[in-house]
Amino acid sequence: MSSPPPSLNPAQLEAVHYLQGPCLVLAGAGSGKTRVITHKIARLLQAGYQPGQIAAITFTNKAAEEMRERAKALVGPRAAKHLVISTFHSLGVKLLRADGQRLGLKEKFSILDSDDVLSILRDAGSTTDAALARRWQWTISLWKNQGLSSDQAEAAVQNDDERVAARVMRLYEERLLAYQAVDFDDLIGLPLKLLQRDDEARAKWQDTLRYVLVDEYQDTNAVQYELLKALVGERAMFTAVGDDDQSIYGWRGATIENLKRLPQEYPQLKVIPLEQNYRSTGSILRAANNVIAANPKIFEKKLWSEYGDGDPVRVVECDNEEHEAERAVARIQSIRAGATTQAPAEWSDFAILYRANHQARMLEQALRKAQIPYKVSGGQSFFDRAEIKDLCGWLRLLVNNDDDPAFLRAVTTPKRGIGHQTLGHLGEFSAKWKVSLFEALFADSLSTAVNARAIGSLHEFGRYVNDLEYRFRHTVGSEDAKPVLMEWLKEIGYEQHLYDGEDNEKIAANRWQNVLDFIDWVARRCGGQLETEGGVTEETERKSILDVAQSISVILSLAERGGDPNVVTLSTLHASKGLEWPHVVLAGVNEGLLPFKSEDEEMTAQRLEEERRLMYVGITRARTTLAVSTLKRRKKGREFVQGIPSRFIGEMKLDEKTMKEDPREKLKALRAEFAKRAAQAKAA
DNA sequence: CCTTAACATCTTTTT
DNA sequence: GATGTTAAGG
């Protein structure tokens with residue numbers, strides 16, 4: 001954060017102190033919206049609200065965590081502990097855990113992650129085509145985010161693809177019901193259903209959560225909007241904080257309509273714009289304002305700053321992607337060494353932002369070549385791979401037999417003759433008797449729900465899990481752990497499973513290698529005599545495989561946090577929202593890329609406007625310097641085609657002199673200078 | 001006709 | 001880097 005002033009400005013004060021009714025805070029980029037929310041929480045406490053009566057809702061866990069930290073600093077740990085600060089989804093979980101039974105949901109319903117969903121869809125639609133299943137998942141999710149049931153979706157289908165998707169959705173919903181499982185979208189939709197249909201529950205929750213604050217309101221979808229409405233009820237005590245100019249998730253179901261509807265549905269709505277920016281220089285803000293001015297406005301808002309103009313925004317024309325990456329690297333090196341008016345910078349002061357993930361490749365290459373440390377944000381980790389999640393599912397089941405999603409994953413991978421029929425019956429049975437799927441396995445009365453043959457397979461599976469658990473509990477130290485783990489893989493036939501599920505042998509082999517790496521990783525953590533890099537052996541505490549399995553989730557969440565190392569950030573524009581850096585480079589700002597144009601989809605005005613907001617988000621990430629680079633030639637097919645600078649560059653209305661100013665010679669000299677310095681450093 | 005290897009083509013992503 | 005597509009060859 002750039003140093004915010006010690007006290008709130010008049011607009012922020014007004015937003016914080018307005019408690020009389022519904023309130024919409026239009027928080028421009030860098031205008032201190034988190035500050036407003038946390039101060040408003042403090043104000044509410046002061047006004048007599050109990051901590052547990054105040055809910056602050058965010059979109060990501062990260063945002064929720066940060067907000068809780070900031071609130072804690074303001075109101076103290078005791079009050080902060082009881083504040084309801086969570087994502088829409090975890091609030092949904094809270095409601096469903098408490099009152100889901102009123103919808104006929106069992107108490108310990110399972111929450112499926114998107115991999116679980118994908119495999120159910122593949123099974124329900126009987127296809128091995130992962131891409132097709134993913135398209136279904138996509139459409140079904142969009143439907144659900146619009147509040148459509150499978151019936152309604154079926155009635156509204158436009159084409160054959162959608163017709164099939166709707167049919168799969170019906171099967172999918174039946175399957176979820178039988179398993180007593182919900183997906184992420186249900187975590188919003190079902191609580192809404194609860195509040196709409198159950199007067200008692202509605203009264204209870206409206207009485208519990210007496211004031212609701214929503215962060216990033218422009219990202220809400222239709223169902224989230226309805227949930228908010230149901231939650232605040234007639235009293236309508238809420239504050240929505242958002243910025244229509246930063247709405248970039250339309251493709252995910254978020255709708256700006258929610259912003260337009262707010263003043264219509266709540267005529268008494270108090271609208272407070274926050275226009276003073278505490279982040280960026282005048283030049284950067286001017287460029288941002290100019291770009292967004294081309295969009296139609298819902299609410300008038302123009303950012304301003306007390307900071308001086310600072311360095312002009314640069315436009316860097318590059319020959320091709322490779323050249324662009326070099327230029328970005330050269331720029332970073334020269335700024336870091338203090339080649340601008342700014343003070344020398346850390347690596348972590350830099351970010352290179354781009355429209356699409358694949359653009360990161362060249363940039364990574366160039367950074368590696370220049371030996372600059374970097375991280376690619378949003379790159380999925382080792383543990384997100386399907387094969388690793390499969391095995392983690394098994395381990396989770398061993399650690400906690402009642403983990404139903406883990407049960408479902410383990411019992412179906414690899415396939416062991418227990419199909420969805422059997423699992424459906426088992427799910428119904430477990431819901432009826434309020435036990436976990438695993439507990440249901442050994443219930444005497446299970447024979448009333450499942451046929452004898454299936455019971456045989458189920459018992460066999462249950463016994464195997466118990467047996468494995470026993471072995472893993474008593475295997476200690478990495479030397480012993482590895483063979484036991486390998487034996488496990490052999491017993492469940494996992495290698496075969498990988499090769500069966502994939503036509504391409506290379507890919508399967510690659511996955512198997514990942515599995516072996518994972519086994520090594522787990523075994524190493526069992527401790528004992530370990531060889532470290534220098535060939536030195538080291539004695540560490542010995543743990544059982546089960547102990548390690550138990551700590552995996554902790555290790556993972558710690559790894560996520562893992563401090564903030566001093567590295568350059570590469571990120572998509574989408575993933576950059578909410579973050580800021582002193583020095584930002586926007587890469588590949590060309591027609592076709594940003595605004596993105598797809599071959600088979602028409603560029604509507606709406607689409608273009610969202611692309612423009614994306615550009616706006618990118619510009620406003622920068623605090624002191626901003627460079628926008630374009631490609632003169634773009635690779636398309638085997639030939640280069642001419643690259644056209646994005647229309648957004650024109651819209652920034654930069655000075656003529658800024659556009660041209662980028663002496664190639666100077667950069668060359670700088671690069672030579674750095675090569676020299678590097679050589680010297682190496683020699684010394 | 002089927003297999004393989006070179007080749008081109010990449011949206012955006014959280015829960 | 002992964003995934004579908006096309007052209008060549010068996």
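Quick note on labels: first sequence line is chain A, next is B, and so on, each numbered from 1.
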Can you tell me if A/R361 touches the phosphate of C/dG1, counting only side-chain N or O atoms and a distance under 4.0 Å to OP1 or OP2? yes

Just jot down the side chain to side chain contact (heavy atoms under 4.5 Å, CB included) partners of A/Q101, sequence neighbours excluded, or say none. A/E107

Among B/dT13, B/dT15, B/dT11, the nucleotide that comes nearest once only the side chain of A/R252 is considered: B/dT13

Please pick, from B/dT11, B/dT13, B/dT15, the nucleotide with the shortest atom-to-atom distance to any side-chain atom of A/E611. B/dT11

With sequence neighbours left out, what residues match A/W521 under ring-ring contact (aromatic ring centres under 6.0 Å, His included)? A/F383

Do A/R396's NZ or CZ and the ring of A/F407 fall within the cation-pi criteria of under 6.0 Å and 45°? no

B/dT13, B/dT11, B/dT15: which one has an atom nearest the side-chain heavy atoms of A/Y249? B/dT13

With stacking defined as ring centroids separated by under 5.5 Å and planes differing by under 30°, is A/F59 stacked against B/dT14? no

Just compare B/dT12, C/dT3, B/dT11 and give me whichever is closest to any side-chain atom of A/R511. C/dT3

Would you say B/dT11 has OP1 or OP2 under 4.0 Å from some side-chain N or O of A/N357? no

Taking the cut-offs as 6.0 angstrom to the six-membered ring centre and 45 degrees off its axis, would you call A/R252 and A/Y249 a cation-pi pair? yes

note: A/F596, atom CZ; B/dT11, atom C1'; distance rounded to Å ~ 5 Å

